[in-house]
Number of protein chains: 2
Amino acid sequence: MTKDNYSGKFAEFYKKYKRMPSYAEIMELFGYRSKNAAFKLVNKLVEAGVINKDKQGRLSPANIFGEIKVLGYIEAGFPTLVEEEVLHTRNLDDWLVTSRDSTYLLQVRGDSMIEAGIMNGDTVIADRSRPAKNGDIVIAEVDGGWTMKYLKKTGSKVELLPANKNYKPIIPRHDLNIAAVVTSVIRKY
Amino acid sequence: MTKDNYSGKFAEFYKKYKRMPSYAEIMELFGYRSKNAAFKLVNKLVEAGVINKDKQGRLSPANIFGEIKVLGYIEAGFPTLVEEEVLHTRNLDDWLVTSRDSTYLLQVRGDSMIEAGIMNGDTVIADRSRPAKNGDIVIAEVDGGWTMKYLKKTGSKVELLPANKNYKPIIPRHDLNIAAVVTSVIRKY
DNA sequence: AGTATAGGTGAACGATGGTTCACTCGTCAA
DNA sequence: TTGACGAGTGAACCATCGTTCACCTATACT
């Protein structure tokens, strides 16, 4: 069994149970009949930097699980070199979500934001706690309905601008309630 | 202290140490002087569905940490109603990443895929293990350089198509090595 | 008034945790 | 052939774990 397979089993377990296995469980996981075998294996993985162990011997994953390798740039235009080197790793959750309680996912219908690269079927991450600045893409309740648009503030005047020439800007008549600011857009193929 | 603050402290701890606190640690966390106080608090949170407890009393977060609430649709075009109801929750990692070992993040430079809604500065998630099908967006090594394009297969012929009228299709002369398939696009504001 | 009841204290319990020690069994190099 | 070494076994160790019990407030409700 390779070293990747070793840590893979731990990652599997951690993903399933959201905690590290005890030594008794590691025994079952690898078919050992001695706790000490598990103990030695763990120490190796600690040295390899895959697992962390605190002073009291409790285990925790060492960032590796849940983190995704980040390579360099890819040029969409002309072919260039991508360093085949891993620059660092990144946890998607930590990267995209600052405050979990005030964050929501919304699926997008329609094409009014197409020029901003937001297409029909995309998912947006919206944060309710972030203050809306001029130029932000916001989720807003305007005159009784909900919409997603660019926010344009000019003095005390507020407009909601689409990113599609076929649609007109919205100037709120009665109520404008900005519910959330779009912090990210995700498209899944 | 509200119930959210209770679970918030657990979420904080779990995020920091990637494991649930022991009862002794919960005591410190909340300033209790008795383990039993922690014990009773945990049981409440188990009943509230925030924390899971297995047969041997070990704790694990009950999906709530790390999961983000999913609301309904947002109409980009015209204002519509968004049900203010949480449909379900979703874990970004599980949703976007199928096999962690073969997944990479790449930052996009250039505008050759702009009509596919992939803009300069976006981040793409690429999977090395997924087979590349006709119409997929792929990361490919062609004639010594790297690029990201649509893959077009017609019989035995292979082309790389940009999503921008200003760029021409790439027909590989010597080598074409499809390294990864783009599974998601992320744009962060 | 009394009296439930939620929330905390403090001590004790057995079970399980991680750890250590002595030993065995192959494998590989000298 | 010998010896060193990595890897697994099996038993024992104590600290810590989760749990339970009896007891002690407060606060709110009849």
Side-chain angles (χ1 to χ4, degrees), chain A residues 1-67 91 100-101, chain B residues 1-67 91 100-101:
Chain A
M1 198 180 284
T2 76
K3 197 156 276 185
D4 269 0
N5 282 351
Y6 282 126
S7 62
K9 285 224 177 190
F10 280 87
E12 257 182 61
F13 189 100
Y14 186 78
K15 194 170 176 182
K16 188 170 177 187
Y17 297 104
K18 298 183 188 304
R19 63 174 174 81
M20 288 302 249
S22 75
Y23 285 78
E25 287 167 327
I26 297 172
M27 282 173 57
E28 277 203 33
L29 223 48
F30 291 95
Y32 292 146
R33 276 189 292 182
S34 160
K35 265 209 287 184
N36 193 14
F39 180 71
K40 286 176 181 170
L41 171 63
V42 165
N43 280 348
K44 289 216 158 182
L45 292 176
V46 168
E47 269 192 65
V50 182
I51 289 178
N52 280 340
K53 199 193 271 201
D54 68 7
K55 281 186 183 177
Q56 284 152 81
R58 282 174 295 220
L59 305 181
S60 66
N63 286 334
I64 314 293
F65 314 166
E67 302 256 325
N91 178 301
R100 187 153 282 134
D101 289 340
Chain B
M1 197 179 286
T2 76
K3 196 155 280 184
D4 270 359
N5 281 351
Y6 281 126
S7 62
K9 284 225 178 189
F10 280 88
E12 258 181 61
F13 188 100
Y14 186 78
K15 195 171 176 181
K16 190 170 177 187
Y17 297 104
K18 299 187 189 297
R19 61 173 177 83
M20 288 302 250
S22 74
Y23 285 80
E25 288 168 328
I26 297 173
M27 281 173 59
E28 276 204 35
L29 222 50
F30 291 96
Y32 293 146
R33 277 190 291 182
S34 161
K35 265 208 288 184
N36 193 16
F39 181 71
K40 286 176 182 173
L41 171 63
V42 165
N43 281 346
K44 288 216 160 184
L45 292 176
V46 168
E47 270 191 65
V50 181
I51 290 178
N52 279 341
K53 198 192 273 199
D54 68 8
K55 280 186 182 176
Q56 282 151 84
R58 282 176 295 221
L59 305 181
S60 67
N63 286 334
I64 314 294
F65 314 166
E67 301 257 325
N91 179 300
R100 186 154 283 133
D101 290 339

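A note on names: the letters A, B, ... follow the listed sequences, proteins ahead of strands, and every chain is numbered from 1.
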What nucleotide among [options] has an atom nearest to a side-chain atom of [X]?
X     : options                : answer
B/K35 : D/dG8, D/dC17, C/dT16  : D/dC17
B/K44 : C/dG7, D/dA22, D/dT9   : C/dG7
A/A37 : D/dT20, D/dG8, C/dT20  : D/dG8
A/N36 : D/dA22, C/dA22, C/dT16 : C/dA22

Specify the closest pair of heavy atoms between [X] and [Y], including all atoms of both residues, with the distance to one decimal.
X     : Y     : value
B/R19 : B/F13 : O-CD2, 3.3 Å
B/L59 : B/P21 : CD1-O, 4.1 Å
A/R33 : A/M27 : C-CE, 3.7 Å

How long is the line joining [atom1] of [X] and [atom2] of [N], in whole Å?
X     : N      : atom1 : atom2 : value
B/L59 : D/dC17 : CG    : C1'   : 10 Å
A/R33 : C/dC25 : CZ    : P     : 13 Å
B/R19 : C/dG18 : CZ    : P     : 11 Å
B/K55 : D/dT19 : NZ    : P     : 14 Å
B/M27 : D/dC17 : CE    : C1'   : 13 Å
A/M20 : C/dG18 : CE    : P     : 11 Å
A/D54 : D/dT16 : CG    : C1'   : 12 Å
B/Y32 : C/dG7  : OH    : P     : 9 Å

_With a 3.5 Å distance limit and no angle check, can you tell me whether A/E25 reaches the backbone of A/S22 through a side-chain donor-acceptor pair?_
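Side chain of A/E25 to backbone of A/S22, a donor-acceptor pair under 3.5 Å: yes, one is there.
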Is the backbone of B/L29 close enough, under 3.5 Å, to the side chain of B/K9 for a donor and an acceptor to pair up by distance?
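At least one qualifying donor-acceptor pair exists.
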Quiz question: going by heavy-atom distance under 3.5 Å, is there a donor-acceptor pair between the base of D/dG10 and the side chain of A/S34?
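When only heavy-atom distances are counted, A/S34 does reach the base of D/dG10 through a donor-acceptor pair under 3.5 Å.
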* **Heavy-atom donor-acceptor pair, A/K40 side-chain to D/dG6 base, under 3.5 Å** =>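 Check fails, no donor-acceptor contact within cut-off.
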Does A/D54 form a side chain to side chain contact (heavy atoms under 4.5 Å, CB included) with B/Y17? I'd like the steps, not just the answer. CA-CA 10 Å; A/D54 68 7; B/Y17 297 104; over 6 Å; no
Open item on the list: Whether A/R58 contacts D/dC17 is assessed here as follows: a side-chain N or O lying under 4.0 Å from the phosphate OP1 or OP2. Is that the case?
Closed with: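 True: A/R58 side-chain N/O within range (under 4.0 Å) of D/dC17 OP1/OP2.
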Notebook entry, point to check: Distance check: side-chain N/O of B/Y23 vs OP1/OP2 of D/dC17, anything under 4.0 Å?
Noted result: no
_Counting the atoms with a prime plus P, OP1 and OP2 as sugar-phosphate, which does B/F39 contact under 4.0 Å by heavy atoms, base, sugar-phosphate, or nothing?_
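B/F39: base contact, heavy atoms under 4.0 Å.
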Practice task
Assign A/K53 to base, sugar-phosphate, or nothing according to its heavy-atom contacts below 4.0 angstrom with the strands shown.
Solution key: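 Sugar-phosphate contact only - A/K53 comes under 4.0 Å of backbone atoms but never of a base.
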Report task. Could you label the plane-to-plane angle of the B/Y14 and A/Y14 rings as parallel, tilted or perpendicular, counting under 30° as parallel and over 60° as perpendicular? Result -> parallel
Angle separating the five-pair end axes of the helix from C/dA1-D/dT30 to C/dA30-D/dT1, nearest 10°, is 20°
- Can you tell if the side chain of A/I26 reaches within under 4.5 Å of the side chain of A/F10, non-hydrogen atoms only?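 Sidechains of A/F10 and A/I26: in contact.
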Between A/E25 and B/L41, the residue closer to the 5' end of DNA chain C by nearest nucleotide is B/L41
